[in-house]
**Q** 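Let me give you the structure first, and then I'll get to my questions.
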Amino acid sequence: QVQLVESGGGLVQAGGSLRLSCTASGRSFNNDGMAWFRQASAKERGFVAGINWYSGSTAYADAVKGRFTISRDNAKNTVYLQMNSLKPEDTAVYYCAALRNYCSGYGCYASQANYNYWGQGTQVTVSS
């Protein structure tokens, strides 16, 4: 069984920064990539950013391009989401997820059906 544990959420003022971390554990963890999704209150969960575990190629939602950066540390089985220039509309619960198979392109990363493991979520609140 694979477990994903997120950390790094919190309260920040608009224009500030936060870095989220997600560490994967479990003997069977050999997924091809990971991603971050978010769910704001009364809204559906949506894709934020994804990364290929081996090549490092990335994909981003338009709403976060230029402000958020996804990265990974293979040795630590950890993926990060550096969030800069945060806006109140970034307020949400952020989830990390692990891909079932290899993904290429935004459409593949953005489809939640392509993920087989999810973290419990971490709250990010951006005040205006």
Side-chain angles (χ1 to χ4, degrees):
Q1 185 72 359
V2 172
Q3 288 188 322
L4 304 180
V5 178
E6 302 105 332
S7 62
L11 174 64
V12 64
Q13 288 188 330
S17 299
L18 281 175
R19 189 176 83 154
L20 305 183
S21 300
C22 173
T23 299
S25 62
R27 290 185 177 182
S28 58
F29 180 73
N30 60 354
N31 294 57
D32 285 331
M34 295 181 73
W36 290 94
F37 288 77
R38 66 186 181 185
Q39 186 169 21
S41 180
K43 292 189 177 181
E44 293 186 354
R45 187 164 58 186
F47 174 75
V48 176
I51 188 166
N52 182 282
W53 205 247
Y54 302 104
S55 71
S57 63
T58 58
Y60 294 92
D62 287 343
V64 306
K65 277 182 182 177
R67 300 188 299 123
F68 291 11
T69 302
I70 189 171
S71 62
R72 90 283 192 215
D73 184 330
N74 296 50
K76 296 181 179 179
N77 278 356
T78 298
V79 63
Y80 304 98
L81 185 68
Q82 178 66 44
M83 305 185 294
N84 298 330
S85 302
L86 282 161
K87 304 174 182 180
E89 50 263 45
D90 294 318
T91 295
V93 177
Y94 283 70
Y95 299 89
C96 70
L99 281 166
R100 298 178 187 274
N101 299 296
Y102 171 79
C103 243
S104 178
Y106 175 87
C108 183
Y109 280 105
S111 174
Q112 296 185 49
N114 291 332
Y115 298 84
N116 57 348
Y117 296 110
W118 293 83
Q120 81 288 350
T122 185
Q123 176 70 47
V124 171
T125 303
V126 184
S127 63
S128 57

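Model, not experiment: these values are computed from the prediction.
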**Q** Output yes when a side-chain donor or acceptor of T122 lies under 3.5 Å from a complementary backbone atom of G9, and no otherwise.
**A**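 A pair under 3.5 Å: yes.
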**Q** Looking only at heavy atoms, what is the nearest atom pair of Y94 and E6, with distance?
**A**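 Smallest heavy-atom distance, with atoms named: O-OE2, 3.9 Å.
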**Q** Sort and list the pairs that fulfil ring pair (Phe, Tyr, Trp, His ring centres under 6.0 Å) and have at least one residue in residues 43-69, not counting sequence neighbours.
**A**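 Listed by first then second residue: F29-W53, F37-F47, F47-Y106.
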**Q** Keeping T91 on the side-chain end and V126 on the backbone end, is there a donor-acceptor pair under 3.5 Å?
**A** yes
**Q** Please evaluate residues V124 and R38 with respect to the criterion side chain to side chain contact (heavy atoms under 4.5 Å, CB included), reporting the C-alpha separation (whole Å), side-chain torsions for both, the decisive distance (0.1 Å), and the verdict.
**A** CA-CA 9 Å; V124 171; R38 66 186 181 185; over 6 Å; no
**Q** Charged N to carboxylate O below 4.0 Å: is that the case for D62 and K65?
**A**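 Judged by the 4.0 Å cut-off on N to carboxylate O distance, D62 and K65 do form a salt bridge.
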**Q** Counting distance only, does the side-chain N/O of N52 pair as donor-acceptor with the main-chain N or O of S57 below 3.5 Å?
**A** no
**Q** For the NZ atom of K87 and the OG atom of S128, what is their distance to the nearest 0.5 Å?
**A** 14.0 Å
**Q** According to a 4.5 Å side-chain heavy-atom criterion applied to Ile, Leu, Val, Met, Phe, Trp and Tyr, with indirect links allowed, do Y95 and V79 form part of one hydrophobic cluster?
**A** no
**Q** Looking at CZ of R72 and SG of C22, how far apart are the two atoms once the value is rounded to the nearest 0.5 Å?
**A**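 Rounded to the nearest 0.5 Å, the CZ-SG separation comes to 14.5 Å.
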**Q** Find the distance between OG (S104) and OH (Y109) and round it off to the nearest 0.5 Å.
**A**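 So the gap between those two atoms works out to 7.5 Å.
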**Q** Do you reckon W118 sits in the same ILVMFWY cluster as L81, going by side-chain contacts under 4.5 Å, direct or chained?
**A** no
**Q** In terms of heavy-atom contacts, does CD of Q3 have more than 12 from other residues, nucleotides or ligands at under 6.0 Å?
**A**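 No, the 6.0 Å shell around CD holds no more than 12 heavy atoms from other groups.
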**Q** Group every Ile, Leu, Val, Met, Phe, Trp and Tyr by side-chain heavy-atom contacts under 4.5 Å, then state whether M34 and Y115 land in the same group.
**A**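 Result: no, two separate clusters.
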**Q** Under 4.5 Å between side-chain heavy atoms, counting indirect links through other Ile/Leu/Val/Met/Phe/Trp/Tyr residues: same cluster for L4 and I70 or not?
**A**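 Shared cluster, yes.
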**Q** Working to the nearest 0.5 Å, report the span between OG of S55 and CG of D32.
**A** 9.5 Å
**Q** Kindly state each residue pair satisfying side chain to side chain donor-acceptor pair (under 3.5 Å) with at least one member in residues 14-23, sequence neighbours excluded.
**A** S17-N84, T23-T78
**Q** Hey, any chance L20 and V48 share a hydrophobic cluster, counting ILVMFWY side chains that come within less than 4.5 Å of each other, even indirectly?
**A** yes
**Q** Strictly distance-based, threshold 3.5 Å: is any side-chain N or O of N31 a donor or acceptor partner for the main-chain N or O of L99?
**A** yes
**Q** So, for N114 and C103, which heavy atoms are closest and what is the spacing to 0.1 Å?
**A**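 Closest approach of N114 to C103: ND2-SG, 4.2 Å.
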**Q** Taking R45 for the side chain and V93 for the main chain, is one N or O donor matched with an acceptor at less than 3.5 Å?
**A**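 No, the answer is negative, given that no donor and acceptor are paired below the 3.5 Å cut-off.
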